[in-house]
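One structure below.
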Amino acid sequence: MSTKKISGSEAVVLSLLEEGVDTIFGYPGGAIMPVYDLLYDYQDKIKHILVRHEQGAVHAAQGYSRVSGNVGVCMVTSGPGATNVTTGLADAMLDSTPIICISGQVHAPLLGTDAFQETDVMGFSMPLTKWNIQVTKVEDIPGAIAKAFYIATTGRPGPVMIDITKDAQFNELDYAYEKCKDVRSYVPRPILKMDYVEKAAELINKAKKPLALVGQGVILSGAEKEMLAFIEKAGIPAAWTLLGASAIPTEHPLNVGMLGMHGNYGPNIKTNESDLLIALGMRFDDRVTGKVDTYGTMAKVVHFEIDPAEVNKNVQSEVAVIADIKETFEAILPLIEKQEREEWLNQFKNAYQYEYEKVIKDDLHPEKEGLTMGEVVRMVNEKMDGEAICITDVGQHQMVASRYFKFKNTRSLVTSGGLGTMGFGLPAAFGAQTALPDKPVVLFVGDGGIQMTIQELGTMAQNNAKVKIVLLNNNFLGMVRQWQDLFFDKRYSSTELINPDFITIAKGFGVEGNTVDTRDNLESSIDKMFKHDGPYLLEVKVEKEGNVFPMVPAGASVSDIRLD
């Protein structure tokens with residue numbers, strides 16, 4: 001293996017290039033300045049995007065990763081630079097997003113002395129990452145980066161933090177790079193056990209009312225085609241979690257809708273009528289199960305999962321196949337009997353029709369004066385014919401967009417699931433657009449969430465990212481207000497917002513925009529937004545006190561789902 005003498009900072013850049021990195025989202029500072037100095041020489045190979053806040057960098061890396069399937073990379077300085085990425089690390093950890101965060105650190109001899117901008121990066125990032133490492137010796141840089149990429153991308157993906165002291169960046173080493181292929185005691189790909197596959201197939205073939213629960217694991221494994229072949233052969237209705245959205249096309253005849261607190265009526269009600277729940281790369285999150293001891297009361301559970309820690313954690317399985325789910329589908333498909341389950345599937349169709357009359361019709365085609373979030377999502381989706389990537393922030397608009405956006409392609413919904421991070425949407429949309437510059441990207445965001453990272457409009461403008469931002473403004477922290485409405489006697493404590501002039505702010509950053517508050521002008525305003533060549537903010541003033549239904553109240557059974 002040939003080597004050459006270079007600085008640690010150049011070793012960082014060359015190592016990232018070896019891993020195929022073409023984009024870094026970041027914010028420079030003193031402790032990471034040597035690496036930034038070397039990036040100046042590699043501008044033709046690695047694009048660095050200067051965000052306006054470090055939280056924007058990590059969320060942008062998440063958006064980049066979620067739509068591309070590649071590792072998102074962000075880079076920050078020590079102290080507040082490093083602490084500002086913690087929310088994004090926690091978000092990526094809960095949502096299994098492979099990102100690498102590189103932080104600069106004070107010189108090694110100063111560690112533990114409370115030096116200027118020193119923080120315990122290893123201490124605070126340990127519970128928020130799949131793996132973290134502090135590099136104090138220059139010769140350890142290539143190996144640390146190689147190991148970081150291997151751990152972030154294999155098995156159940158996740159975020160990795162690499163903290164590099166400033167002296168390690170300045171010092172020199174004999175550089176050589178070798179990609180990591182294994183780590184002792186780390187088994188990212190469990191060995192598939194055919195006896196469990198056979199037991200699972202037997203239960204599936206015998207089931208009268210099976211229901212597939214499609215999670216993000218299907219997407220992360222790239223197993224969408226195998227999953228479709230599986231449910232089509234077995235004739236199994238398939239519902240999806242929030243992060244499993246787009247794994248199965250919206251119009252697929254076996255797609256019966258979204259699971260969970262604001263999911264569709266049918267899959268929630270029928271969960272407790274099913275005799276077999278087949279969990280496909282999902283973790284039985286509390287937002288899906290509701291009250292666990294009343295969940296799936298008549299069903300046995302088959303769980304396809306790569307992470308053993310998720311098996312029997314919340315819901316007990318009759319059979320668990322612990323392996324990469326793509327490999328599991330390939331193994332089980334020959335054992336599955338071809339079946340038609342029209343009667344069972346028709347029950348979901350009837351439930352959807354009931355929900356349509358009670359909820360959906362009024363959401364998408366309202367007769368009242370005020371604009372609804374649902375009709376805005378419907379019209380935006382129709383203009384894009386389901387081809388856009390849908391990004392959401394967190395709140396009522398997130399649930400409405402996830403329910404009503406029509407997905408044709410996989411990896412076309414990016415949202416914050418497990419952590420529910422307000423402020424996620426704007427930088428994540430920018431990251432997604434950076435990864436796929438020729439793909440239309442639409443962000444749905446609320447008036448509360450956009451103000452948490454609104455400064456990233458400057459990043460969008462500077463880079464001419466053609467994200468179309470649909471701001472659904474109800475002058476409330478809408479989801480919190482809904483809970484206050486339903487469960488706290490309409491005592492609207494600290495949820496009403498006196499908002500700024502969003503369009504003036506956007507134009508101040510160099511982003512064009514417009515406001516619409518009537519149905520007569522909605523379609524023409526959306527057309528204008530899509531015709532604009534660059535980022536655009538369309539503020540839609542929707543009804544102030546609209547609620548999102550269906551809803552399973554917190555701590556209730558999925559059978560207690562409310563339609564009003």
Side-chain angles (χ1 to χ4, degrees), residues 1-26 28-49 61 64-65 68-78 82 98-111 121-122 125 129-155 157-189:
M1 185 185 303
S2 61
T3 63
K4 61 177 178 176
K5 200 83 168 178
I6 61 172
S7 68
S9 53
E10 188 168 12
V12 171
V13 176
L14 291 180
S15 298
L16 293 176
L17 286 171
E18 289 280 357
E19 294 291 347
V21 174
D22 58 12
T23 305
I24 299 172
F25 304 92
I32 196 66
M33 205 173 296
V35 177
Y36 272 87
D37 183 62
L38 258 295
L39 280 174
Y40 190 85
D41 297 329
Y42 287 88
Q43 296 177 66
D44 59 331
K45 295 182 179 178
I46 292 186
K47 181 179 182 180
H48 179 273
I49 293 171
Y64 181 97
S65 175
S68 68
N70 298 322
V71 177
V73 178
C74 61
M75 189 156 61
V76 298
T77 193
S78 63
I99 61 171
I100 304 288
C101 182
I102 298 172
S103 58
Q105 184 55 277
V106 301
H107 288 264
L110 295 177
L111 290 172
V121 173
M122 292 298 96
S125 66
T129 55
K130 190 176 176 185
W131 183 64
N132 65 358
I133 186 171
Q134 186 171 74
V135 180
T136 59
K137 297 178 181 179
V138 64
E139 59 267 23
D140 294 337
I141 288 174
I145 291 175
K147 188 175 178 180
F149 274 83
Y150 178 71
I151 291 175
T153 58
T154 53
V160 171
M161 186 90 177
I162 308 173
D163 192 48
I164 309 175
T165 61
K166 197 169 183 179
D167 49 329
Q169 298 170 48
F170 274 126
N171 293 337
E172 291 190 335
L173 77 159
D174 291 318
Y175 177 78
Y177 195 79
E178 184 177 353
K179 289 193 176 185
C180 182
K181 296 179 180 178
D182 62 82
V183 175
R184 189 175 64 180
S185 78
Y186 170 57
V187 183
R189 192 182 179 96

Requested in this report: Indicate the atoms forming the closest heavy-atom contact of Gly72 with Ser65, along with that distance.
Outcome: N-CB, 3.8 Å

Query - Test item: Tyr150 and Tyr186 side chains (from C-beta on) under 4.5 Å apart, heavy atoms - result: yes

Query raised in the report: Shortest non-hydrogen contact from Met161 to Ala82?
Result: CE-CB, 4.3 Å

**Report entry** side-chain hydrogen bond (donor to acceptor under 3.5 Å, both in side chains) pairs, two or more places apart, involving residues 12-23
**Finding:** Ser15-Tyr175, Glu19-Tyr177, Asp22-Tyr64

**Report entry** Considering all heavy atoms, the nearest Gly30-Lys166 contact
**Finding:** O-NZ, 3.0 Å

Query raised in the report: Do the non-hydrogen side-chain atoms of Ile102 and Leu16 ever get within less than 4.5 Å of each other?
Result: yes

Report task. Determine, stepwise, if the pair Thr165 / His107 fulfils side-chain contact (heavy atoms from CB on, under 4.5 Å). Result -> CA-CA 5 Å; Thr165 61; His107 288 264; 5.9 Å; no

Query raised in the report: Do you know the tightest heavy-atom contact between Pro34 and Gln169?
Result: CD-OE1, 3.3 Å

Requested in this report: Taking the side chain as every heavy atom from C-beta outward, state whether Val160 and Ile100 have any pair of such atoms under 4.5 Å apart.
Outcome: yes

**Report entry** Rounded distance (nearest 0.5 Å) linking atom CD1 of Ile162 with atom CG of Asn132
**Finding:** 10.0 Å

Query raised in the report: Of Val12, Val35, Leu38, which is the lone residue that meets side-chain contact (heavy atoms from CB on, under 4.5 Å) with Ser7?
Result: Leu38

Report task. Could you tell me whether the side chain of Leu14 reaches within less than 4.5 Å of the side chain of Lys4, counting heavy atoms only? Result -> yes

Query - All pairs passing side-chain hydrogen bond (donor to acceptor under 3.5 Å, both in side chains) where residues 37-46 contributes a residue, at least two apart - result: Glu10-Tyr42

**Report entry** Closest non-hydrogen atom pair between Val135 and Ala144, with its separation
**Finding:** CG2-CB, 3.7 Å

Query raised in the report: Between atom OG of Ser9 and atom CD1 of Ile164, what is the distance when rounded to the nearest 0.5 Å?
Result: 9.5 Å

Query raised in the report: Between Val21 and Val71, is any pair of side-chain heavy atoms under 4.5 Å apart?
Result: no

Query raised in the report: Do Leu39 and Ile24 have side-chain heavy atoms sitting under 4.5 Å apart?
Result: yes

Query raised in the report: If you look at every heavy atom in Ser103 and Ile32, which pair is closest and at what distance?
Result: C-CD1, 4.2 Å

Query raised in the report: Between the side chain of Lys179 and the main-chain N/O of Phe149, is any donor-acceptor distance below 3.5 Å?
Result: no

Query raised in the report: According to the side-chain hydrogen bond (donor to acceptor under 3.5 Å, both in side chains) rule, which pairs have a member within residues 134-148, sequence neighbours left out?
Result: Gln134-Asp163

